There are 2 protein chains.
Amino acid sequence: MAFEPISEHLAPAATVGRLIELTLGLSLPGSVLTLSPDEEVFAEEEEAAFVYKVVSGAVRTTRLLSDGRRQIGAFYLPGDVFGLESGPVHRFSAEAIKPTKVAMVRRSGVERAAAQDPVAARQLWLLAAHELEDLQDHMVLLGRKTAVERVASFLVKLSQRADTRVIDLPMSRNDIGDHLGLTLETVSRAMSQLARDRAISLPNARHVVLNNLSALTC
Amino acid sequence: MAFEPISEHLAPAATVGRLIELTLGLSLPGSVLTLSPDEEVFAEEEEAAFVYKVVSGAVRTTRLLSDGRRQIGAFYLPGDVFGLESGPVHRFSAEAIKPTKVAMVRRSGVERAAAQDPVAARQLWLLAAHELEDLQDHMVLLGRKTAVERVASFLVKLSQRADTRVIDLPMSRNDIGDHLGLTLETVSRAMSQLARDRAISLPNARHVVLNNLSALTC
DNA sequence: CGCAGGTTTGACTTCACTCAATCGGCGTGG
DNA sequence: CCACGCCGATTGAGTGAAGTCAAACCTGCG
């Protein structure tokens, strides 16, 4: 578990003027935001003037239906790029899940780089293509998997991303549910079920150890 | 309703050597395939050597889970590009839904064009970005909408794509179900429900008229 | 030490699924 | 031209997986 600064600012604090490496071979001047838990990076429908990269902490993107139902589009961890749009506005809002630092660069700078440098343009395409691939897998999960399968797939993916079998969950059961199309209670039950079957261990609610990858991949 | 040729070939027939306009300002040499209903354009895991564009008819992309559960990723109608991958292989299979013609161009040609021409590179990115946006909306549908809402949203989207309130459905209830994360019976019941509420009319199973857009957009 | 937040578990409900029968429209052949 | 058969769609009845509501349980923090 990472040690975070004890106190966070009430408003996002920005460090300006650094050079940000958005993705391999695409570095642009930008700044770093420091965010407290639940603090917003950008809102749905807001003008998409910046592209972001998680430095530390974790970010969720969310969309709200008119009656309050919520879908979490994705969780972004250190190194992940988010908020890149092709249209004028953001299609999801983005919030820090815990104390978080995100780097931001002007979108206009990114587009200019892509217009001039074919390598940068390719990186931009790859960014979108990889997000698309993740989302395609997630669609299959939402469309055709059971609650236990959804939670198992989610844990396996987190484990692959962190490249460890020991996962530190930054998000609540409610967040996981809103990502997997389930309620927080169903997520909790699915985790208990997996632990009962010895596929995972739950030293505590925010720590998961994957014991049996093949039992989870079914 | 379009009039299709009475008989189709048993194997896909190809016309070679035409110039294909994949997307605005990106034309490349390619050929046109003629496909019968349920005929495969490419298979999941197959090497992704071509990019395709629907000329006439309709195409579905599908992924199968080991136990036979099926998810339809998207339906592609005339003008739509599909099968563009960032990795070496196709992540879904693609099949014609009815008698269909698809244009195909070499992926290597597309990538070369993008490497040389920033405008082509941008078109490629936009292609991925728009597919990503569609998928994000679909994720919200799968994660958080009820059966009737899913069917309503699906019909509205088809209507917007065709720019008519009179929809000619090329796909079966089973296909719609596998796209919306429902069973064919639930799709049928949802349609009957919408017709009972006068939000749509069903002159027959494959024709839908949207009567009340606002009742469907809820 | 006690509170507050998130988590777990339990009891009951509900929406969509399953299984099954019937319906309907289209194409073929008598 | 009409009757039959076939396949997809519809409808019904019963089941089940996940949702809802509610209570109890941690556990980290003031």
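Predicted model, so just to flag it, every value in this text is computed and none were measured.
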Q: Please tell me which of Glu185(A) and Thr146(A) maps to the more 5' nucleotide of DNA chain D, matching each residue to the nucleotide holding its nearest heavy atom.
A: Thr146(A)
Within this structure, what is the [atom1]-to-[atom2] distance between [X] and [N], rounded to whole angstrom?
{"X": "Arg150(B)", "N": "dC15(C)", "atom1": "CZ", "atom2": "P", "answer": "14 Å"}
{"X": "Leu184(A)", "N": "dT20(D)", "atom1": "CG", "atom2": "C1'", "answer": "11 Å"}
{"X": "Leu169(B)", "N": "dG8(D)", "atom1": "CG", "atom2": "P", "answer": "15 Å"}
{"X": "Leu142(A)", "N": "dA16(C)", "atom1": "CG", "atom2": "P", "answer": "15 Å"}
{"X": "Leu202(A)", "N": "dT7(C)", "atom1": "CG", "atom2": "C1'", "answer": "11 Å"}
{"X": "Arg69(B)", "N": "dT18(C)", "atom1": "CZ", "atom2": "P", "answer": "10 Å"}
{"X": "Asn204(B)", "N": "dC23(C)", "atom1": "CG", "atom2": "P", "answer": "19 Å"}
{"X": "Asn174(A)", "N": "dT7(C)", "atom1": "CG", "atom2": "P", "answer": "8 Å"}

Quick check: do [X] and [Y] have side-chain heavy atoms less than 4.5 Å from each other?
{"X": "Phe75(B)", "Y": "Leu158(B)", "result": "no"}
{"X": "Leu28(B)", "Y": "Arg106(B)", "result": "no"}
{"X": "Val102(B)", "Y": "Lys53(B)", "result": "no"}

Q: Measure from the side-chain heavy atoms of Thr183(A) and tell me the nearest of dT20(D), dT7(C), dT10(D).
A: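 For Thr183(A), the side-chain atoms sit closest to dT20(D).
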Q | Backbone N/O of Arg69(A) and side chain of Arg144(B): donor-acceptor pair under 3.5 Å | A | no
Q: Using distance alone, with no hydrogens and no angle criterion, decide if Asp38(A) and Ser36(A) have a side-chain donor and acceptor under 3.5 Å apart.
A: no
Q) So, is Arg206(B) near the phosphate of dA9(D), with a side-chain N or O under 4.0 Å from OP1 or OP2? A)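 It does, given that an N or O in the side chain of Arg206(B) lies less than 4.0 Å from OP1 or OP2 of dA9(D).
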Q: Describe the nucleic acid contact of Gly181(A) in one word from base, sugar-phosphate, nothing, applying a heavy-atom distance below 4.0 Å.
A: sugar-phosphate
**Q.** Phe42(B) ring center within less than 6.0 Å of Tyr52(B) ring center
**A.** yes
Please table the atom pairs, donor to acceptor, closer than 3.5 Å between any side-chain atom in residues 124-143 of chain A and protein atoms at least two apart or in another chain.
unit_1, atom_1, unit_2, atom_2, d
His130(A), ND1, Leu126(A), O, 3.2
Glu131(A), OE2, Tyr76(A), OH, 2.4
Glu133(A), OE2, Ser86(B), OG, 2.7
Gln136(A), OE1, Arg91(B), NE, 3.2
Asp137(A), OD1, Arg63(B), NH1, 2.7
Asp137(A), OD1, Arg63(B), NH2, 3.4
Asp137(A), OD1, Arg91(B), NH2, 2.8
Asp137(A), OD2, Arg91(B), NH2, 3.4
His138(A), NE2, His179(A), O, 2.8

Q: Taking only heavy atoms on the protein side, list every residue of residues 186-195 of chain A lying under 4.0 Å from any atom of DNA chain D, sorted numerically.
A: Thr186(A), Arg189(A)
